Number of protein chains: 2
Amino acid sequence: MTDARKARLGLPQPNMADVARHAGVAIGTVSNTLNNPEKVREPTRRRVLASIDALGFVRNDAARSLAAGSSDTVGIVLVDMGNSFFVDIARGAEATLREHGMNLLIANSDIEIEKQLSYLEVFEQARVAGILLAPLDPHITKSLVSKAVSRPLVLVNYAPEDAQYAGVVADEHHGGYIAARHLIELGRRNLVFAGGPFQLQAVAERLAGVRRAVGETAGTVLSLVETTGMNISHGRTAGERIIAQEEHVDGVVAASDLVAIGIIQVLEQQPDLRIPEDIAVVGYDNNHFASESTTPVTTISQPGEEMGRAAAELLIAEIRGDGGAEKRTVVLRPHLIPRRSTIGTASPADLQNHTA
Amino acid sequence: MTDARKARLGLPQPNMADVARHAGVAIGTVSNTLNNPEKVREPTRRRVLASIDALGFVRNDAARSLAAGSSDTVGIVLVDMGNSFFVDIARGAEATLREHGMNLLIANSDIEIEKQLSYLEVFEQARVAGILLAPLDPHITKSLVSKAVSRPLVLVNYAPEDAQYAGVVADEHHGGYIAARHLIELGRRNLVFAGGPFQLQAVAERLAGVRRAVGETAGTVLSLVETTGMNISHGRTAGERIIAQEEHVDGVVAASDLVAIGIIQVLEQQPDLRIPEDIAVVGYDNNHFASESTTPVTTISQPGEEMGRAAAELLIAEIRGDGGAEKRTVVLRPHLIPRRSTIGTASPADLQNHTA
DNA sequence: GTGAAAGCGCTAACAG
DNA sequence: CTGTTAGCGCTTTCAC
């Protein structure tokens, strides 16, 4: 039947047996030339390779990983591919994985918990070597992940509370801190923190960092503008509320670049307001367009690629170590990229940071 | 040996046999409950399902697709995940695929031909149901694709010259045309087309469309500013050259939003130049931040999601039709989104388009 | 309906 | 080094 089918369809996907026959060797030798080249003598190896080429053979990975019990591709589930932060994470992870001869397949859960689970299951079913997960909602995630997943798994951008999984996170608190410090060092004393909702873990931590910086410097005051989300439009709303505010404001820490951009858009329309002279604004994330808006936005750069690399390292360790190791959480520090929205055109050196 | 290993590792991945034993049915029945539920009586079905749940069984897709000879996931290789256009394509494709019960796995070739090939091979080896490819370079691609790939394949964002593959493309010529028409209708007569290099297929076609529009209206002149790339920095360079130009310029068609933003940044620094009053600028791509810069950029919106959906439809047809059908190329038209960089704050209605 | 058995294409012992 | 063989976990006839 098999041969009949092959004949009928022409030449559909030759297999190792075909290659072996063509090369006049045993099937095991073909497997070896591919997986353990050192076990095959040069002439034989060349002959097999030639046959593979002649027949256009491509090894069936389903069969391979079924027989070998392991695969060399890892999957990553990203909450939002539209966010360059996550794209950076994927890039970093891929680079490291590649150095170890592994491949990265990406799934976009698009901020839908259902899709997240669905793709987790896809990777699970595919018996990938391991899974990287940038989860949607920490709490929902925790229970569900353990339910569906039995592959090695590393969390990215979320600190697991239990020691069930290894993870990589950015130090949000530190990010908020250096953002506020930057403004304070520029002489600003009446700060606003804008963003939200505050229940979001990341937002809350950034705010805590800001609070610490403010608390450290006497005479500095902080007011809060909570938004229902972190997009441009939310930023505009925040901007209007900042303008409406009674107190004089001279510095803003926005919880995201989009919020910062929205705020800047609104502030710039006020004829008597200049940025950064009157109000300096710091964003967060270093979204690729934060440097690209007409008033480049000073921002806290998430160490996306590094996080991806670190996550990949952890995952590889788990894969190798057979789950034995302790589940570490690596914390990476973001850094500040000064741009025009806080330092104006003062220092031309800031241009160098645009590519950071 | 198998049982020994299982005992040693605890309870690693139960299989269908385990489920069958647990449920007191034959292995084939387990398979049927999963794939042909109508062939199994209700009580049996429930019992099997319960066992699956109890054991935490997850079907091994490697084995499944090996046995069944087919998979239900398709892979897409994207040139650049950092570009929202491609992310949109992936989204569209995923939506359609999902409606057909299939999954989408994404690979990012990151503008490297080598990675593109590598991932093509990964998908090939995984024997995915089909492949969507947003290729890097058309010409290099053509020869290599046919070499490594034997799965159903549909090209996205590139029009295959031969009828070897089905494809989906945007009508670049039309995009250039409506961009120029827009400026002409606004009364602009001294236009500049900025972008490059002109060898790029898309750029050349956009330029051709611009030329046609210019040619249609007497008294309209066009000059060219060729850049070596399509980023912000290239846009800045272009902006400086536009300023330096002898002739009076009142309208610019930029070959990408990034170029447009760069140009705008430079022009806005000229004290005597207002946008759009003195110079109106149209971008291209509707990159998500074109609406988000402080001067929102009028742009030509690539029909990314539609392209993804169309590509997925074509691919599904190929998968079903066993490659028999003719290889169609679907052409989708981009549309113009008017924003402040050309129409100013004139029409508040343009705000509605920001989300388009 | 349900059960038994023959592979899917490949890897990994093991014998020669 | 090279050939043989026994599965990996699942789907799919084909009897019962």
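Owing to the predicted nature of the structure, the values given are computational and were not obtained by experimental measurement.
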Do the side-chain N or O atoms of [X] get closer than 4.0 angstrom to the phosphate oxygens (OP1, OP2) of [N]?
{"X": "B:Thr29", "N": "C:dT2", "answer": "no"}
{"X": "A:Asn60", "N": "C:dC10", "answer": "no"}
{"X": "B:Ser31", "N": "D:dT11", "answer": "yes"}

- For residues 63-70 of chain B, which residues have at least one heavy atom under 4.0 Å from DNA chain C? B:Leu66, B:Ala67

- Item | Close approaches to DNA chain C from residues 36-52 of chain B, in residue order (heavy atom, under 4.0 Å) | B:Lys39, B:Val40, B:Arg41, B:Thr44

- Distance in angstrom units between A:Asn15 CG and C:dG7 P, rounded: 14 Å

- Task: Rounding to 10 degrees, work out the angle separating the end axes of the helix from C:dG1-D:dC16 to C:dG16-D:dC1 (five pairs an end).
- Result: 30°

- Quick one: which residue pairs count as a salt bridge (Lys or Arg N to Asp or Glu O under 4.0 Å) with a foot in residues 303-317 of chain B, not counting sequence neighbours? B:Glu99-B:Arg309

- Task: If a pair satisfies salt bridge (Lys or Arg N to Asp or Glu O under 4.0 Å) and one of its residues is in residues 30-41 of chain A, list it, with sequence neighbours excluded.
- Result: none

- Item | 5′-ward residue of the pair B:Val58/A:Gly28 relative to DNA chain D | A:Gly28

- Item | Charged N-O contact under 4.0 Å between B:Lys115 and B:Asp80 | no

- Identify, with sequence neighbours excluded, every residue that meets salt bridge (charged side-chain N to carboxylate O under 4.0 Å, His left out) alongside B:Arg46. B:Glu42

